[in-house]
Amino acid sequence: MANLPKRIIKETQRLTEEPVPGINAVPHEDNLRYFDVSIHGPSQSPYEGGIFRLELFLPEDYPMCPPKIRFLTKIYHPNIDRLGRICLDVLKSNWSPALQIRTILLSIQALLGAPNPDDPLANDVAQKWKEDEKTAIETARQWTRTHAMS
Amino acid sequence: MAMSSDEEYGSDQMMSDDELDADSLGELAGNLDSDYDNDADDDQFLENMRDDKPQKPAYEVDYTTLSDAELRNKQKEQVEDVRHILGQPVEQTAILLRYFKWQKERLIDKYMDDPDKVLEDAGLGAEWNDDPKLEKVRGFSCDICCDDDAEMNTYSMRCGHRYCADCYKQYLENKIMSEGESGRIQCPTDGCSRIVDSKTVRLLASPKVLARYGELLNRTYVDDKPNLRWCPAPECEFAVDCAVRQTELHKIIPTVVCNCGLRFCFGCGHNDHQPCPCALMKKWLKKCEDDSETANWISAHTKECPKCVSTIEKNGGCNHMTCRKCKHEFCWVCMGPWSEHGTNWYNCNRFEEKSGEEARGQQAKSRASLERYLHYYNRYANHDHSAKLDKDLYVKTEKKMTSLQSSSGMSWIEVQYLEAASTALQQCRQTLKWTYAFAFYLQRNNDTYIFEDNQRDLEMAVEQLSELFEKPADQLAASRKEMVDKTAYVGHRRRILLEDTANGLRDERWQFTTDIR
Ligand SMILES: [Zn+2]
Ligand SMILES: [Zn+2]
Ligand SMILES: [Zn+2]
Ligand SMILES: [Zn+2]
């Protein structure tokens with residue numbers, strides 16, 4: 001791949017040399033802007049014990065624009081929709097070019113630990129979460145067992 | 001059909017001019033013919049259309065139209081004003097004013113209370129870098145591009161978050177060109193709320209980006225101020241300044257005319273919808289949308305002659321139909337005989353409620369309410385449609401007139417009365433159209449009758465003028481005077497109707513079947 005910006009090379013280097021605990025991001029060999037990502041569900045959360053796979057792509061205008069990220073593993077979460085898209089401010093209006101892949105992935109991990117049903121993307125899940133948090137958490141746990149542990 | 005008698009006009013006046021002020025009464029009471037002869041002068045007529053009279057009618061509001069340059073100047077003036085009071089540089093004052101949505105007094109109050117807090121909240125530090133410049137910094141590495149070339153230019157605002165000039169530039173370009181941001185662009189550093197000032201933008205951005213930045217800042221000014229609104233016409237760059245507030249819209253319909261010619265409501269941005277208040281206008285449009293299926297059959301453009309049942313197509317705006325076959329004359333809207341329309345018996349516009357006995361039972365009731373709605377919708381849609389037909393007809397007529405001009409030796413100025421007539425027709429039909437939405441929600445009382453009389457008078461006048469338009473081009477030249485007179489007359493009837501409805505709204509005299517706040 002021609003002319004990978006220095007910024008991306010550095011970030012990739014750092015991701016492999018000083019990996020973040022519970023997070024793994026590896027670029028494709030044929031496309032260094034495309035990463036296979038896995039995030040461990042945080043402890044004390046309904047996602048604990050699960051390993052969630054995501055895809056991450058750095059668009060042409062990265063880092064002026066945020067990376068594109070999507071969950072590949074099915075997950076029951078008020079801020080993640082059926083297509084795996086994530087509702088997170090730093091991926092949208094609050095993106096700053098000074099943020100990095102590493103910080104974004106940490107934010108996503110934090111989101112798993114602290115769902116925010118008041119700023120929902122998957123509307124029906126958020127609804128359940130607000131109406132009956134206990135059942136919603138149980139469903140999230142079940143989905144984690146079914147889809148994220150194998 | 002030409003309603004030729006002068007007494008018709010005369011009786012009209014006696015009926016509904018009671019409420020007018022002495023001024024306009026005097027103007028009207030004189031010999032009508034000679035009055036309108038004076039008005040026939042084109043300039044005089046145009047002036048009447050603009051209503052530039054010393055006493056402002058109740059249906060008009062004060063407003064000014066502002067160009068791009070004027071908007072910029074206004075901002076500059078206010079910044080100048082406040083900057084001396086605050087003792088702050090121009091750039092910083094502009095940011096503060098924008099942060100306070102241009103509420104000068106509030107800014108000054110808060111600033112006097114606690115300047116540091118105000119500066120902090122608005123994304124400015126207490127200190128101010130008066131002269132932003134690029135610097136080369138030894139050993140610096142840019143966090144955005146990871147470049148560490150010792151020769152590269154770097155920049156930071158007072159917050160100290162430094163990036164290479166290229167990255168800063170790209171960042172600004174992205175914010176301004178792609179995201180359309182201007183007044184609230186923050187430092188590129190995550191979590192730093194320092195606002196990028198226009199000096200920084202001027203230093204870093206290309207001329208193209210800088211120009212866009214200026215436009216966007218201008219936009220935020222209009223968007224932030226409740227007394228300003230962009231003209232809704234596509235591509236139009238004027239804004240209108242009007243003091244009417246959102247909370248007053250049940251008492252006034254602030255109708256303005258942009259420099260581009262568009263007549264629109266300052267309150268809601270919709271095309272001119274006088275005399276129907278904004279809230280009613282919205283309810284009506286919603287209702288029409290919901291009931292469009294039911295009402296569809298009405299807008300069909302062909303009907304049958306009520307006498308001989310041969311098909312008749314409407315191709316002009318006029319509602320006075322004459323069957324080609326049997327010569328029966330009837331009204332397109334109510335299908336009743338036209339003979340009744342030229343007299344005081346004319347009640348095509350008024351919906352006669354069925355007596356209580358007839359409307360018993362749920363089914364009968366819902367049928368009655370549908371009929372009532374259709375009565376108003378029919379007329380509303382018809383004026384809308386007729387306005388278009390009138391316009392088409394004008395375009396065709398204009399072509400004929402151009403040829404007539406060369407053959408008859410009439411000058412360009414002399415055929416302008418056609419355009420004036422067409423404009424008046426459009427405007428009156430627009431008003432008439434909305435009188436039906438207004439009437440639909442109007443609760444019946446004594447005032448309703450005055451309104452309906454005004455509506456009828458305007459409608460009759462409009463149909464007469466519209467009818468003149470349908471004449472073949474070679475006869476048009478002969479009816480010039482009549483057309484000029486009727487053009488002035490429809491304008492006059494429109495003003496009477498609008499004056500009455502506007503006064504009623506202002507005094508909260510109208511009672512509606514629905515909430516208009
Ligand atoms: Zn840089
Ligand atoms: Zn900063
Ligand atoms: Zn305009
Ligand atoms: Zn309005």
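What you are looking at is a predicted structure, and each value in this text was computed from that prediction instead of being measured. Proteins get letters first, then strands, A, B, ... in listed order; numbering begins at 1 in each.
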Judged by atom type as modelled, is there a donor-acceptor pair below 3.5 Å linking the side chain of A:Thr16 to the main-chain atoms of A:Gln13?
yes

Do any of residues 45-59 of chain A have a heavy atom less than 4.5 Å from a heavy atom of chain B, and if so, which, in residue order?
none

Aromatic ring pairing B:Tyr221/B:Trp102, orientation class (parallel under 30°, perpendicular over 60°, tilted between):
perpendicular

Side chains of B:Tyr168 and B:Thr200, donor plus acceptor under 3.5 Å
no

Rounded to the nearest 0.5 Å, how far apart are OG of B:Ser182 and CG of B:Leu172?
12.0 Å

Return the CD to OG1 distance between B:Glu215 and B:Thr220, rounded to the nearest 0.5 Å.
12.5 Å

Interface residues of residues 184-191 of chain B facing chain A - heavy atom cut-off under 4.5 Å:
B:Pro188, B:Thr189, B:Asp190

SB check B:Lys74 B:Glu77 (cutoff 4.0 Å):
no

Of all residues at least two apart in sequence or in a different chain, which pass the ring pair (Phe, Tyr, Trp, His ring centres under 6.0 Å) check with B:Phe266?
none

Electrostatic pair A:Lys128:A:Asp132 at N-O distance under 4.0 angstrom:
no

Value for NZ (B:Lys133) from CD (B:Glu135), rounded to nearest 0.5 Å, stands at 6.0 Å

Quick one: which residues of residues 94-107 of chain A reach chain B at under 4.5 angstrom, heavy atoms only?
A:Asn94, A:Trp95, A:Ser96, A:Pro97, A:Ala98, A:Leu99

Check the pair B:Asp148 / A:Lys6 against salt bridge (Lys or Arg N to Asp or Glu O under 4.0 Å), numbers first and verdict last.
CA-CA 10 Å; B:Asp148 51 11; A:Lys6 200 167 176 179; 3.5 Å; yes

Rounded distance (nearest 0.5 Å) linking atom NE2 of B:His270 with atom CG of B:Leu285:
5.0 Å

Within 6.0 Å of NZ in B:Lys283, more than 12 heavy atoms from elsewhere:
yes

Quick check for you: to the nearest 0.5 Å, what is the distance between B:Lys169 atom NZ and B:Asn153 atom CG?
9.5 Å

